[in-house]
Amino acid sequence: MPRAFPSRSRAAVRWAALLVIAASSISAMDVLVAHQINALNGTMVRISCSFTSCYRLDHTKFAMNWTYQENSNDTEEMFMTFKNKIVPLRTERFGERVKFAGNLDKNDLSITISDVQITDEGIYNCYVRNPPDRIQGHGIIQLYVVTELPPPRDSTIAVAIGASVGGMLALVILSMVVVKCVRRHKKQELISDEQKMEEEGKTDGEGGTEEGTKQL
Ligand SMILES: *[C@@H]1O[C@H](CO)[C@@H](O)[C@H](O)[C@H]1NC(C)=O
Ligand SMILES: *[C@@H]1O[C@H](CO)[C@@H](O)[C@H](O)[C@H]1NC(C)=O
Ligand SMILES: *[C@@H]1O[C@H](CO)[C@@H](O)[C@H](O)[C@H]1NC(C)=O
């Protein structure tokens with residue numbers, strides 16, 4: 001009878017598979033969000049959105065939009081955008097309760113909603129474009145507003161494990177992004193080297209003919 005696979009290694013294999021999946025889904029431009037946030041009504045909630053990019057943020061080219069939808073079938077209502085700086089768009093729904101709480105220098109586009117209401121429940125979309133990165137980033141966050149906190153569960157160990165695995169995952173993702181960016185830059189250098197060589201070749205050739213004419 002084959003020996004049973006120890007459950008610990010099975011868990012490790014599962015995590016490794018997850019890491020590979022997470023790592024392979026990374027592109028140069030990526031938006032990182034919590035896909036679901038639960039908030040207590042009346043409190044302030046932070047909706048995080050950050051992105052990775054191979055390029056520094058250029059204020060003249062950068063584009064960002066935050067939109068809200070009651071559900072996935074509804075039209076999106078834009079409540080914040082970027083025109084050389086963050087521009088909050090006053091909406092009836094949020095009034096002045098929405099504020100930008102990120103840091104552009106750190107690729108952080110997070111917002112806060114104060115005095116969060118049940119009617120704020122829905123889908124929050126975070127759109128990013130950071131040229132010359134060609135991919136448009138899109139983060140989707142589902143916000144739930146609860147009127148009562150669930151009773152505390154004893155999940156200290158689960159949280160600790162989750163945090164360490166999450167930290168590891170974040171590290172792996174970060175290193176993948178760095179590797180991708182380095183590769184891309186290398187490729188661009190190679191391309192420009194080839195172009196240079198071609199151009200040099202051309203001038204050499206022209207020089208050759210010039211010499212040839214002189215000799216004639
Ligand atoms: C949250 O909602 C509950 C139920 O609707 C209400 O009783 C409570 O006063 C609300 N709390 C705040 C801070 O708005
Ligand atoms: C979206 O629309 C479809 C078709 O009209 C409907 O079946 C579905 O329940 C709707 N979804 C939501 C979340 O309202
Ligand atoms: C933001 O919205 C404006 C107006 O609809 C649109 O032109 C622009 O492409 C959007 N930008 C992003 C990054 O989604």
Side-chain angles (χ1 to χ4, degrees), residues 18-19 21-23 25-57 59 62-72 76-82 85-89 91 93-130 133 135-146 149-150 155 158-178 180-181:
L18 214 112
L19 278 178
I21 291 165
S25 68
I26 289 169
S27 62
M29 155 70 82
D30 245 319
V31 173
L32 310 171
V33 294
H35 295 291
Q36 187 186 319
I37 298 176
N38 301 315
L40 185 63
N41 68 329
T43 64
M44 185 171 89
V45 60
R46 181 185 176 92
I47 302 180
S48 298
C49 173
S50 62
F51 67 94
T52 61
S53 172
C54 289
Y55 303 96
R56 272 189 78 87
L57 193 151
H59 284 232
F62 177 72
M64 176 212 85
N65 289 331
W66 270 105
T67 70
Y68 168 84
Q69 295 170 277
E70 211 160 286
N71 66 52
S72 54
E76 296 179 32
E77 189 181 334
M78 200 193 295
F79 61 85
M80 199 173 284
T81 189
F82 184 90
K85 64 177 165 73
I86 298 288
V87 183
L89 308 169
T91 60
R93 177 179 304 278
F94 298 116
E96 295 194 349
R97 293 183 298 122
V98 171
K99 291 220 161 52
F100 183 74
N103 180 345
L104 289 180
D105 293 331
K106 292 185 175 152
N107 293 0
D108 181 358
L109 308 173
S110 304
I111 54 166
T112 57
I113 302 175
S114 49
D115 189 17
V116 71
Q117 301 297 311
I118 304 288
T119 50
D120 297 336
E121 258 192 11
I123 297 164
Y124 290 77
N125 297 285
C126 167
Y127 295 98
V128 198
R129 230 175 13 240
N130 189 42
D133 252 337
I135 301 164
Q136 162 162 301
H138 181 192
I140 304 171
I141 304 113
Q142 172 74 53
L143 177 72
Y144 292 107
V145 179
V146 297
L149 278 182
S155 54
V159 167
I161 292 172
S164 67
V165 170
M168 204 163 77
L169 202 70
L171 259 176
V172 168
I173 289 177
L174 208 78
S175 56
M176 292 295 293
V177 168
V178 169
K180 277 225 165 108
C181 289

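All residue numbers refer to positions in the sequence shown, counting from 1.
Taking the six-membered ring for Trp and thresholds of 30 and 60 degrees, Y127 and H138 have nearly parallel ring planes, at less than 30 degrees apart.
Here CZ of F51 is found 5.0 Å from CG of L57. Values are rounded to the nearest 0.5 Å. Atoms CG and OG1, on L89 and T81 in that order, are 6.0 Å from each other to the nearest 0.5 Å. Note: I113 CD1 to F79 CZ = 6.0 Å, rounded to the nearest 0.5 Å. Note that CD of E96 and OG1 of T91 are 10.5 Å apart. Values are rounded to the nearest 0.5 Å. Atom NE2 of residue H59 and atom NZ of residue K85 lie 12.5 Å apart, to the nearest 0.5 angstrom.
Side-chain contact annotation: N125 with T67, donor-acceptor N/O pair under 3.5 Å present. In summary, the side chains of D108 and S50 do not present any donor paired with an acceptor at a separation below 3.5 Å, with no hydrogens or angles considered.
Checked by atom type and distance alone, the side chain of N130 pairs as donor or acceptor with a backbone atom of Y55 at under 3.5 Å. Without hydrogens or angle criteria, E77 side chain to Y68 main chain gives no donor-acceptor distance under 3.5 Å.
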Check your understanding: Could you walk me through whether W66 and I141 pass the side chain to side chain contact (heavy atoms under 4.5 Å, CB included) check?
Key -> CA-CA 11 Å; W66 270 105; I141 304 113; 3.9 Å; yes
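V98 places none of its side-chain heavy atoms less than 4.5 Å from the side chain of R93. No side-chain heavy atom of M80 sits under 4.5 Å from any side-chain heavy atom of F94.
Here the shortest heavy-atom pairing between I123 and S72 reads CD1-N, 3.4 Å. For the residue pair Q136 and R129, the shortest heavy atom distance occurs at OE1-NH1, 3.0 Å. S48 and S110 get closest at one heavy-atom pair: CA-OG, 3.2 Å. The minimum heavy-atom distance linking D133 with S53 is given by the pair OD2-OG, 2.6 Å. When all heavy atoms are compared, the tightest approach of C126 to L109 is SG-CD1, 4.2 Å.
By the side chain to side chain contact (heavy atoms under 4.5 Å, CB included) test, Q117 pairs with R97, D115, T119, D120, sequence neighbours left out. Here Y124 pairs with nothing under the side-chain hydrogen bond (donor to acceptor under 3.5 Å, both in side chains) rule; sequence neighbours left out.
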Just distance, no hydrogens or angles: give the donor-acceptor pairs under 3.5 Å from side chains in residues 36-43, sequence neighbours left out.
| from | atom 1 | to | atom 2 | distance (Å) |
| --- | --- | --- | --- | --- |
| Q36 | NE2 | N38 | OD1 | 3.4 |
| T43 | OG1 | L40 | O | 2.5 |

